[in-house]
Amino acid sequence: MKDNNELKFIRYIMLNINIMWMLFYIIFMYITVNRICEGYLAYKFLSQSGRLLISPFKGLYLGMFFSLGILLLMMMKEIFKSESLQIIMLIVKILFCIGAVFVINGSCVSLFLILLADFLVSDCSIALKVAVSCIIAMLYVWIGAQNLFSTNLSLSNYITYYSSSVGEVINGLQTFIPAVTVVLFIFYVMRLMGTQEREYDRISELNDYLDKVNSKLKVANVKLEEYSKEAATMSKLRERNRLAKEIHDTIGHTLTGISASLGACLMLIDISPEDAKK
């Protein structure tokens, strides 16, 4: 499937806004936990919020690892051309997306949409694309709808330690990023379908042109065959004429001379036998 610059640009936008949101999320969690610890509010925070899914210190490093890993794997897509290597890379990318969603407490599930958008333009068979697309879509719905990796601790628990204006901005971003990703993904699929339709039209036009060229070639082949037959006939006629000319110019003249000499001998043999012998 054709992957033009416009589709690459849309994927690039989707990937980068989600990676930036993911990095912001883990850095925000890390800073907030430090702020809570410095204010000696850890007991109050944990008693109100429930248990932490993962240590924010580990989350910072793991989040950076997974986010940069996803970015690097997306950039390395053009290197792996064979279908088997693409499947291996896809599995690795799925594991990285699951790890990233786990680290940021079930947020940023839209990474699976980016993964799906990236896979739709891979050079794989249609059956494989359908199967993998269903798997990725199910992961997106299952993890997102079931809140598979979320715990009692959510982003709102961290926001309470900031002013209302800051909380509104962060809550707005948390709603805005997935919504923008979904809109861009829908637009991406529409552009992909349009590109594919134009590609089919172009291929159809090329096929029509090839059919016309083949028809002309068939006519030319018939004419060439007729010309070959005519050329063969003309070659036979030229050869016959050459032989006839050679017979006339050489053998004919020789036989004529012999015949004239024999006639002279017949006339001289009675008159002058010696001259006839000569």
Side-chain angles (χ1 to χ4, degrees), residues 1-26 63 66-78 80 83 86-87 89-150 154-155 169-200:
M1 187 174 291
K2 190 174 180 60
D3 187 14
N4 56 33
N5 292 329
E6 182 184 7
L7 296 177
K8 290 180 181 178
F9 178 73
I10 298 173
R11 284 204 313 274
Y12 176 81
I13 295 297
M14 287 193 296
L15 178 62
N16 279 273
I17 61 175
N18 279 272
I19 293 296
M20 290 173 63
W21 166 247
M22 180 178 170
L23 293 174
F24 170 79
Y25 191 104
I26 58 177
F66 286 126
S67 59
L68 296 178
I70 292 170
L71 188 62
L72 182 62
L73 289 172
M74 293 290 186
M75 293 172 61
M76 293 172 59
K77 176 187 172 183
E78 302 296 333
F80 303 97
E83 188 171 303
Q86 288 184 7
I87 294 299
M89 290 298 296
L90 176 65
I91 294 173
V92 175
K93 284 186 276 190
I94 289 175
L95 294 176
F96 268 66
C97 286
I98 293 175
V101 175
F102 173 79
V103 168
I104 56 178
N105 199 24
S107 184
C108 210
V109 188
S110 49
L111 284 172
F112 289 101
L113 292 180
I114 302 168
L115 190 61
L116 178 57
D118 183 67
F119 183 74
L120 286 175
V121 291
S122 300
D123 296 327
C124 300
S125 61
I126 299 298
L128 181 61
K129 284 187 178 180
V130 172
V132 172
S133 298
C134 292
I135 293 172
I136 296 176
M138 287 188 336
L139 284 172
Y140 170 74
V141 174
W142 182 44
I143 296 175
Q146 299 295 329
N147 294 322
L148 191 63
F149 296 131
S150 64
S154 63
L155 187 62
V169 171
I170 296 176
N171 275 325
L173 286 174
Q174 189 179 22
T175 306
F176 176 75
I177 297 299
V180 169
T181 305
V182 171
V183 171
L184 287 174
F185 178 77
I186 294 172
F187 179 72
Y188 176 88
V189 173
M190 292 174 62
R191 297 302 298 171
L192 180 62
M193 293 173 63
T195 302
Q196 191 66 18
E197 186 176 355
R198 288 193 297 270
E199 188 70 12
Y200 285 148

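- Separation of atoms CD1 (I87) and CE (M89) is listed at 11.5 Å; rounding is to 0.5 Å.
- Closest of all the heavy-atom pairs between M14 and T181 is SD-O, 3.8 Å.
- Between F185 atom CZ and L192 atom CG the span is 9.0 Å, to the nearest 0.5 Å.
- Not counting sequence neighbours, the partners of R191 by the salt bridge (Lys or Arg N to Asp or Glu O under 4.0 Å) test are E6.
- When all heavy atoms of P178 and S110 are compared, the pair lying nearest together is CA-OG, 4.3 Å.
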Per-pair distances, 0.1 Å, donor-acceptor, side chain in residues 95-103, under 3.5 Å, sequence neighbours excluded:
none

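- Of all non-hydrogen atoms in L184 and I10, the two that sit nearest each other are O-CG2, 3.9 Å.
- Atoms CG and NZ, on D118 and K8 in that order, are 10.5 Å from each other to the nearest 0.5 Å.
- The shortest side-chain heavy-atom distance between L23 and M20 does not fall under the 4.5 Å cut-off.
- Here the CZ-CH2 distance, from F112 to W142, works out to 10.0 Å after rounding to the nearest 0.5 Å.
- Nearest heavy-atom pair across M22 and F66 is CE-CB, 4.1 Å.
- The line from OH of Y12 to CD1 of I114 is 12.5 Å long, rounded to the nearest 0.5 Å.
- When every heavy atom of F119 is checked against every heavy atom of L128, the shortest pair comes out as CE2-O, 4.1 Å.
- Under a cut-off of 6.0 angstrom, the local environment of CZ in F176 is sparse, with at most 12 non-hydrogen atoms contributed by other residues, nucleotides or ligands.
- Remark: the backbone N or O of A117 is paired with a side-chain donor or acceptor of Y188 at under 3.5 angstrom.
- Identified under the side-chain hydrogen bond (donor to acceptor under 3.5 Å, both in side chains) test for residues 66-76, with sequence neighbours left out: none.
- For the atom pair I70 CD1 and K93 NZ, the distance stands at 10.0 Å (nearest 0.5 Å).
- Taking both residues in full, the closest heavy atoms of Y140 and V182 are given as OH-CG2, 3.8 Å, listed atom of the first, atom of the second, then distance.
- Residues L90 and L115 meet the side-chain proximity criterion, which asks for heavy atoms closer than 4.5 Å.
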Chi angles and distances behind the side chain to side chain contact (heavy atoms under 4.5 Å, CB included) call for I13, V180: CA-CA 10 Å; I13 295 297; V180 169; over 6 Å; no
